[in-house]
Amino acid sequence: MKYLLVLPFALLAYPAAAQSTSPADLLAQYSAEAGAEASAERGQALFMANHTGGKPDTPSCTTCHTTDPKATGQARTGKPVEPLAPSSNPERFTDVKFVEKWFGRNCNSVLGRDCTAAEKADVLAWLDSF
Amino acid sequence: MKITPFLAVATIALSGAAHSDEMEYMPPVTHAATLEECSACHMVYPAGFLPPQSWKVMMGTLDDHFGEDAGLYGETRAEIEAYLVANAGRDRSKGSAVPLRISDLPWFRHEHEEEVSKRQFEKAKSWANCNACHKQAEQGIFEDD
């Protein structure tokens with residue numbers, strides 16, 4: 001019986017081990033990990049804010065993704081970045097490894113640290129509300 | 001040890017085209033992991049434009065890559081480093097600091113100094129944006145266009 005309890009936790013703790021997903025599944029996963037309900041408003045605030053803890057050239061998520069999740073953004077080199085909102089770009093939030101890699105990099109560049117599961121849930125809830 | 005002279009010859013042969021006076025063609029990257037992991041933020045730069053030690057340093061400092069976190073870990077990182085080093089250009093730094101930017105190399109400055117208008121540069125935004133000016137950069141073609 002013990003194993004049945006342990007397994008779901010193992011899956012939550014290592015999301016990178018899983019592969020394909022959907023925005024809804026991922027939102028459920030991050031929320032469960034955070035132990036709290038996601039808030040699109042908090043996600044929007046985090047996404048729009050100028051932060052000081054990260055690298056100087058990337059103060060905000062909007063530096064590359066713009067303030068409109070349905071718009072095409074631009075990396076600092078000028079290379080286009082496709083919209084983050086799943087409604088505009090169905091490939092978003094469908095590959096756990098990819099999502100984790102970019103949350104990892106971008107949170108570190110902008111905030112100077114990893115985003116928590118709660119923050120990822122919030123941002124995803126906001127992006128998926130368009 | 002037997003391998004060393006052979007490697008040296010291979011490296012010179014590979015980079016020969018790059019370091020003659022004309023650098024109209026530089027073989028584009030064909031390695032799948034490099035294409036996948038080094039293409040999100042800019043075009044995939046041909047390995048032959050930087051010497052081996054540049055790629056080694058760059059691949060060891062990806063979490064602070066020109067002001068961004070481009071971190072890669074484990075096998076993928078090692079595999080990309082091995083590919084870039086094996087296909088690198090010749091070392092012309094003569095013992096000075098390891099160059100990290102292609103766009104800082106003397107030949108690059110020389111080729112671009114008087115050739116590029118202010119307007120053209122403003123449109124490209126950065127020297128790193130090779131393909132803004134060289135439309136066929138991703139095919140390895142950097143000739144007059």
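In what follows, chains carry the letters A, B, and so on, assigned in the order in which the sequence lines appear, proteins first and then strands, with residues in each chain numbered from 1.
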(request) Pick whichever of Gly71(B), Ala124(B), Ala128(B), Ala132(B) has the most heavy-atom pairs under 4.5 Å with chain A. (result) Gly71(B)
(request) Consider only side-chain heavy atoms of I, L, V, M, F, W and Y, link residues closer than 4.5 Å, and tell whether Val57(B) and Leu105(B) are in one cluster. (result) yes
(message) Hydrophobic clusters here meaning ILVMFWY residues chained together by side-chain heavy-atom distances under 4.5 Å, can you tell me if Leu46(A) and Phe130(A) are in one?
(response) yes
(message) Salt bridge check, Arg105(A) against Asp63(B): does any charged N sit closer than 4.0 Å to a carboxylate O?
(response) no
(message) What residues of residues 71-90 of chain A make heavy-atom contacts with chain B at a cutoff under 4.5 angstrom?
(response) Gln74(A), Ala75(A), Arg76(A), Thr77(A), Gly78(A), Lys79(A)
(request) Could you tell me whether a side-chain N or O of Ser109(A) sits under 3.5 Å from a main-chain N or O of Glu68(B), the two making a donor and an acceptor? (result) no
(request) Give a yes or no on whether Tyr73(B) and Tyr83(B) share a hydrophobic cluster (residues Ile, Leu, Val, Met, Phe, Trp, Tyr; joining criterion: side-chain heavy atoms under 4.5 Å apart). (result) no
(request) Kindly check if the number of other-residue, nucleotide or ligand heavy atoms within 6.0 Å of NZ (Lys123(B)) is above 12? (result) no
(request) Report yes or no: do Met48(A) and Leu127(A) belong to one cluster of Ile/Leu/Val/Met/Phe/Trp/Tyr joined by side chain heavy-atom distances under 4.5 Å? (result) yes
(request) Would you mind checking which part of Asp64(B) comes under 4.5 Å of any heavy atom in chain A, side chain (CB onward), backbone (N, CA, C, O), both or neither? (result) both
(request) State plainly whether one hydrophobic cluster holds both Phe98(A) and Val44(B), where clusters connect Ile, Leu, Val, Met, Phe, Trp and Tyr through side-chain heavy atoms under 4.5 angstrom apart. (result) no
(request) Tell me, yes or no, whether the heavy-atom count around Gln120(B) atom CD, taken from other residues, nucleotides or ligands under 6.0 Å, exceeds 12. (result) yes
(request) Select all residues of residues 31-43 of chain B having any heavy atom within less than 4.5 Å of some heavy atom of chain A, and report them by number, or 'none'. (result) Glu37(B), Ser39(B), Ala40(B), Cys41(B), His42(B)
